[in-house]
Number of protein chains: 2
Amino acid sequence: MSRQSDRTADPATTGRTAPEPPSADELLRLDRQLCFSLHAASRAFDGLYRRVLRDTGLTYPQYLAMLVLWEYGEMPVKRLGEYLRLDSGTLSPLLKRMQSAGLVRRERSAQDERSVTVRLTAEGAALKERAQGVPLKAIEASGLGLEEAVELQARVRRLTAALDAALADEEKL
Amino acid sequence: MSRQSDRTADPATTGRTAPEPPSADELLRLDRQLCFSLHAASRAFDGLYRRVLRDTGLTYPQYLAMLVLWEYGEMPVKRLGEYLRLDSGTLSPLLKRMQSAGLVRRERSAQDERSVTVRLTAEGAALKERAQGVPLKAIEASGLGLEEAVELQARVRRLTAALDAALADEEKL
DNA sequence: CACAATTAAGTTGTGCACAACTAAAGGGTA
DNA sequence: TACCCTTTAGTTGTGCACAACTTAATTGTG
């Protein structure tokens, strides 16, 4: 049941691109395919982790925050945001929910009253044991080998860097 | 300014994996890197499109919906959701906003009163011209060549299929 | 035909992401 | 010291995503 457009061949699906530059319509079609794929992949990934994390009670973003805290220990909100690429507008309510769940505490720093230090509670630290199985399940479900996962990670990281640079460097675009 | 853990070597960053299976801690670290990268890449992509789409007034998900409608024309909400991998819980309010913006109309189908057909308005169809420049700007900002973009698209699509299959096939996980 | 099961769309509630803004603390310089 | 500027969190408002549920129309089967 092909749902292909009946008008023209589609270089993005045939894998053959004509030597002349693609038309605006062809670019829109490629854009559709690439954007859809990335957007859908991101949400599929979220869905997988939602499922795998179910019995830990964590959401996917909360799991990401816990991964940082498990690995590096307590740190200011600011630094956590740098790791997670999130600002306080997202982190403040996220951390508030995690505090309500008993996973972390937040305390104003004594040295710098502007800064708030995020610490794991005993419960939060203990949750690491229950999350031990998560990465393996996720990698298995992704159908990627370890090597492939590492390579994909590097590639995607370069992509992010390029996108952020484009956004930051040229205010025009 | 390495922020590496001081305890063990990190196969995910050194690019060398020991022959023995990775420890649970190493898997958590790899998981952190891969999840972060994918999640951050997705949001960086969103951010780029948010910027590039600014003067069209479209959000990124709205642009994705418009891409489908521009390419394939009117269709039921159900089918639009299949293209976009979105259910009515997301699509209903999204389409309502797009209708308020004058981009689409929604009409109950006469043949099947359960179904709602989504159609572009003249204004919505005309917006395609103003969006002609979007894909090129996006691809340039991503630092990908056309070939690379196509290949990445295929790879990411396979990943999504694997994830969805894992979610659907085994209710255990 | 009658009635249960299915399907399509919408609604409700929760959480994430981000822009724009506010509040408070810290740092630098005239 | 007094003032301004920067930094750090937090708040507000909007939109997306999804689970769970509701409503209404259609289909299938006895």
Side-chain angles (χ1 to χ4, degrees), chain A residues 35-36 38-51 53-54 57-65 75-82 84-101 103-104 106-118 164 167, chain B residues 35-36 38-51 53-54 57-65 75-82 84-101 103-104 106-118 164 167:
Chain A
C35 291
F36 284 19
L38 287 175
H39 204 61
S42 170
R43 287 182 293 117
F45 225 80
D46 284 18
L48 172 67
Y49 274 87
R50 201 189 324 281
R51 163 64 67 89
L53 289 170
R54 180 177 292 172
L58 292 170
T59 66
Y60 185 40
Q62 287 169 9
Y63 172 67
L64 297 181
M75 63 178 66
V77 172
K78 166 78 173 172
R79 188 141 74 93
L80 186 57
E82 288 165 0
L84 297 173
R85 199 187 173 281
L86 291 172
D87 64 8
S88 68
T90 300
L91 275 180
S92 288
L94 181 72
L95 292 171
K96 194 182 289 184
R97 285 186 289 269
M98 290 172 71
Q99 188 169 39
S100 299
L103 300 172
V104 301
R106 287 183 296 164
E107 290 162 11
R108 286 279 162 191
S109 161
Q111 295 80 28
D112 185 340
E113 286 282 336
R114 295 170 303 180
S115 178
V116 167
T117 301
V118 182
D164 280 340
L167 268 177
Chain B
C35 290
F36 284 19
L38 288 174
H39 203 63
S42 171
R43 287 183 292 120
F45 225 80
D46 284 18
L48 172 67
Y49 274 86
R50 201 190 324 281
R51 163 65 65 88
L53 290 169
R54 180 177 292 173
L58 292 170
T59 66
Y60 184 41
Q62 288 169 10
Y63 172 68
L64 297 181
M75 64 179 66
V77 171
K78 166 79 172 171
R79 187 139 75 94
L80 185 58
E82 288 166 359
L84 298 172
R85 199 188 174 280
L86 290 173
D87 63 8
S88 68
T90 301
L91 275 179
S92 289
L94 180 72
L95 291 170
K96 194 182 289 185
R97 283 186 291 270
M98 291 172 70
Q99 188 169 40
S100 300
L103 299 173
V104 300
R106 287 182 297 165
E107 290 161 12
R108 285 278 160 191
S109 162
Q111 294 80 25
D112 186 340
E113 288 280 339
R114 292 171 303 179
S115 177
V116 167
T117 301
V118 183
D164 280 340
L167 267 177

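Heavy-atom basis, side chains included; hydrogens, waters and symmetry copies ignored. Order of the sequence lines fixes the chain letters, A, B, ..., with proteins taken first and strands second; residue numbering starts at 1 for each chain.
Listed pair A:R114 / D:dT6 fails the phosphate criterion, with no side-chain N or O lying under 4.0 Å from OP1 or OP2. The side chain of A:S92 places an N or O atom within less than 4.0 Å of a non-bridging phosphate oxygen (OP1 or OP2) of D:dG10. Note on B:S115: a side-chain N or O is less than 4.0 Å away from OP1 or OP2 of C:dA9. Distances shorter than 4.0 Å separate none of the side-chain N or O atoms of B:K96 from OP1 or OP2 on D:dG15.
Checking B:E113 against A:R106, the closest nucleotide of DNA chain D that is more toward the 5' end is the one next to A:R106. Heavy-atom distances to DNA chain D give each of A:V116 and A:H39 a nearest nucleotide, and the one nearer the 5′ end belongs to A:V116.
With D:dG10, C:dA8, C:dA19 as the candidates, the nucleotide lying closest to the side chain of B:K78 is C:dA8. Distance from the side chain of A:S88 is smallest for D:dG10 among the nucleotides C:dA17, D:dA25, D:dG10. With distances taken from any side-chain atom of B:P61 to the nucleotides C:dG10, D:dA9, D:dA17, the minimum falls on D:dA17. Closest approach to the A:Q62 side chain among D:dA9, C:dG10, C:dG15 is made by C:dG15 (side chain taken as heavy atoms from C-beta onward). Picking from C:dA17, D:dA25, D:dC18 the nucleotide with the shortest atom distance to the side chain of B:D112 gives D:dA25.
A:L91 comes within contact range of no nucleotide atom at all, as no heavy-atom separation falls under 4.0 Å. Residue contacts for A:R54: at a heavy-atom cut-off of 4.0 Å it reaches no nucleic acid atom on any strand shown. Residue-level contact check: A:D46 touches neither bases nor backbone, having no heavy atom under 4.0 Å from any strand. Among the atoms of the strands shown, only primed sugar atoms or phosphate atoms (P, OP1, OP2) are found under 4.0 Å from some heavy atom of A:T59.
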Run B:H39 and A:Y60 through ring-ring contact (aromatic ring centres under 6.0 Å, His included) and show every step you take. CA-CA 10 Å; B:H39 203 63; A:Y60 185 40; 5.1 Å; yes

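If you take CG of B:L94 and P of C:dT11, they are 14 Å apart, rounded to a whole angstrom. One interatomic measurement links the two molecules: CG of B:L84 to P of D:dC18, which rounds to 11 Å at whole-angstrom precision. We find that CZ of B:R79 is positioned 13 Å from P of C:dA8, with the value rounded to whole Å. Rounding to whole angstrom units, CG of residue B:L95 and C1' of C:dA8 are separated by 13 Å. One interatomic measurement links the two molecules: CG of A:L64 to C1' of C:dA17, which rounds to 13 Å at whole-angstrom precision.
B:S115 and B:S109 form no side-chain donor-acceptor contact under 3.5 Å, judged by distance and modelled atom types alone.
To the nearest 0.5 Å, the span separating CG on A:L53 from OH on A:Y63 amounts to 6.5 Å. Annotation: the span from B:D164 atom CG to A:L48 atom CG amounts to 9.5 Å, rounded to 0.5 Å.
Without hydrogens or angle criteria, B:R43 side chain to A:R85 main chain gives a donor-acceptor distance under 3.5 Å.
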